[in-house]
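Residue numbering restarts at 1 for every chain, and letters A, B, ... go by the order of the sequence lines.
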Amino acid sequence: MQHVDVREMPFEPWQYLADWQAQQLPENARSGATAVFVGTMRDFNEGDDVTGMYLEHYPGMTERQLATLVAEASQRWSLDAALVVHRVGEILPTQPIVLVAVWSAHRAAAFEACRHLMETLKHTAPFWKRETLSNGTVRWVDRNTLG
Amino acid sequence: MQHVDVREMPFEPWQYLADWQAQQLPENARSGATAVFVGTMRDFNEGDDVTGMYLEHYPGMTERQLATLVAEASQRWSLDAALVVHRVGEILPTQPIVLVAVWSAHRAAAFEACRHLMETLKHTAPFWKRETLSNGTVRWVDRNTLG
Amino acid sequence: MPIKVLFFASLRERIGQSQRLLETDTPLTLQEVWQRSSGETHLPDNVLMSVNQTYVDANSLVQPGDEVAFFPPVTGG
Amino acid sequence: MPIKVLFFASLRERIGQSQRLLETDTPLTLQEVWQRSSGETHLPDNVLMSVNQTYVDANSLVQPGDEVAFFPPVTGG
């Protein structure tokens, strides 16, 4: 079971996980280890106060690239299930931007697959952040934070 | 904000996270990166079908050891918040056993702290699993899976 | 069939357009596609490229009817 | 004040008791606590030990009034 959701609407990650697991995941695919990452918009970046963000994407390629990353990770770590949710459009501080969740029989596989998915997403999924600062300046983020 | 909950009652991890975050975490502590691990009881172990499990613990020391692990990880990775929930007593297959969640400004810190907490919990928190197999045999689990 | 060329984010703003159609009957190199669509001679090192929504490198050939995109380093997640 | 000795899990079942009080006016080594409470001569290598709910090694001294626990490798999570 693999799912990618690129969406303009805000989402609450724990509610999303509860609903998706209940509706999409059979009980036998829930056993073992689940690793989850949630990235939330911060109200600061590179030392400046950020009041808003616009996330541009490449409709079609973004979804395709995320599906490729999910499929590759699912095969490499024998995942039972994997889920990626990513916001686009206007985003406000404290709103969740990205949710990555993986289900596996083993905890090492779950941790590694979840982290690998986040890293490859950040380096290859076509999203671009444009920040609005508290002084009114608008700027494109030109690189991702390490890590 | 740090919280440890050792409990006999079953829990739904996503609902627990939603409630705890809403009630305990101020909005400014939710920004950045959240990493979560959920360990769920499997219906197999070491090649055998497992129908039930009893989790013994050391009341007092278990909570104290978990609080120590959470405090050490919070300091080492400058976490904004950390949460550990662990079941004890009778547990059935597909029920969640453990939930570890950490909140940090940075994703590397979140991933590493969450994984470290799970590993140190598995190696030092006083819990002992006794499995009931489908053929009626009862056995103590004598070591943890690698991980 | 024309080649469809897309620009995204800061590159879209710098080039001053988001989409361009290039009429051609023959395959073009990505360098040629860049020059004819952007009006700039040199393809910058840090520009990422895709053909038909799959990453490619700067040596790839583009067929008539293909969808090409140029964009800056990605910053999602 | 007696020393309170606790056994957990498979070790509790092997020793056949979960709790024991040792009367003493003087400090005891963990080896002495083990021998007097378990009835076994040798403290097995893989047994974990705590004093007052904190991990200790086999060379620790135990004071009257302390709470000592012996238990097998942990298997939670």
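Proximity to chain D involves both the backbone and the side chain of Thr124(B), based on heavy atoms less than 4.5 angstrom apart. Looking at Leu48(D), there are no atoms closer than 4.5 Å to chain B (heavy atoms on both sides), in backbone or side chain. At a 4.5 Å heavy-atom cutoff, the contact between Asn52(D) and chain B is made by backbone atoms alone.
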Worksheet item: Could you go step by step and tell me if Phe71(D) and Met61(B) meet the side-chain contact (heavy atoms from CB on, under 4.5 Å) rule?
Response: CA-CA 12 Å; Phe71(D) 45 84; Met61(B) 180 170 173; 4.2 Å; yes
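Partners of Asp142(B) under the side-chain hydrogen bond (donor to acceptor under 3.5 Å, both in side chains) rule, at least two apart in sequence or in another chain, do not exist in this structure.
For Thr75(D) against Val141(B), the heavy-atom pair with the smallest separation is CG2-O, 3.3 Å. The minimum heavy-atom distance between Glu13(D) and Arg130(B), with the atom names listed, is OE2-NH1, 4.3 Å.
Rounding to the nearest 0.5 Å gives a distance of 10.5 Å between OG1 of Thr68(B) and OH of Tyr55(D).
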List the atom pairs, with distances to 0.1 Å, where a side-chain N or O of residues 51-60 of chain B and a protein N or O form a donor-acceptor pair under 3.5 Å, not counting sequence neighbours.
unit_1	atom_1	unit_2	atom_2	d
Thr51(B)	OG1	Thr132(B)	O	3.2
Glu56(B)	OE1	Arg12(D)	NH2	2.3
Glu56(B)	OE2	Ala9(D)	N	2.9
Glu56(B)	OE2	Arg12(D)	NE	3.3
Glu56(B)	OE2	Arg12(D)	NH2	3.4
Tyr58(B)	OH	Glu67(D)	OE2	2.4

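In this structure, the side chain of Trp128(B) does not engage the main chain of Ser10(D) through any donor-acceptor pair within 3.5 Å.
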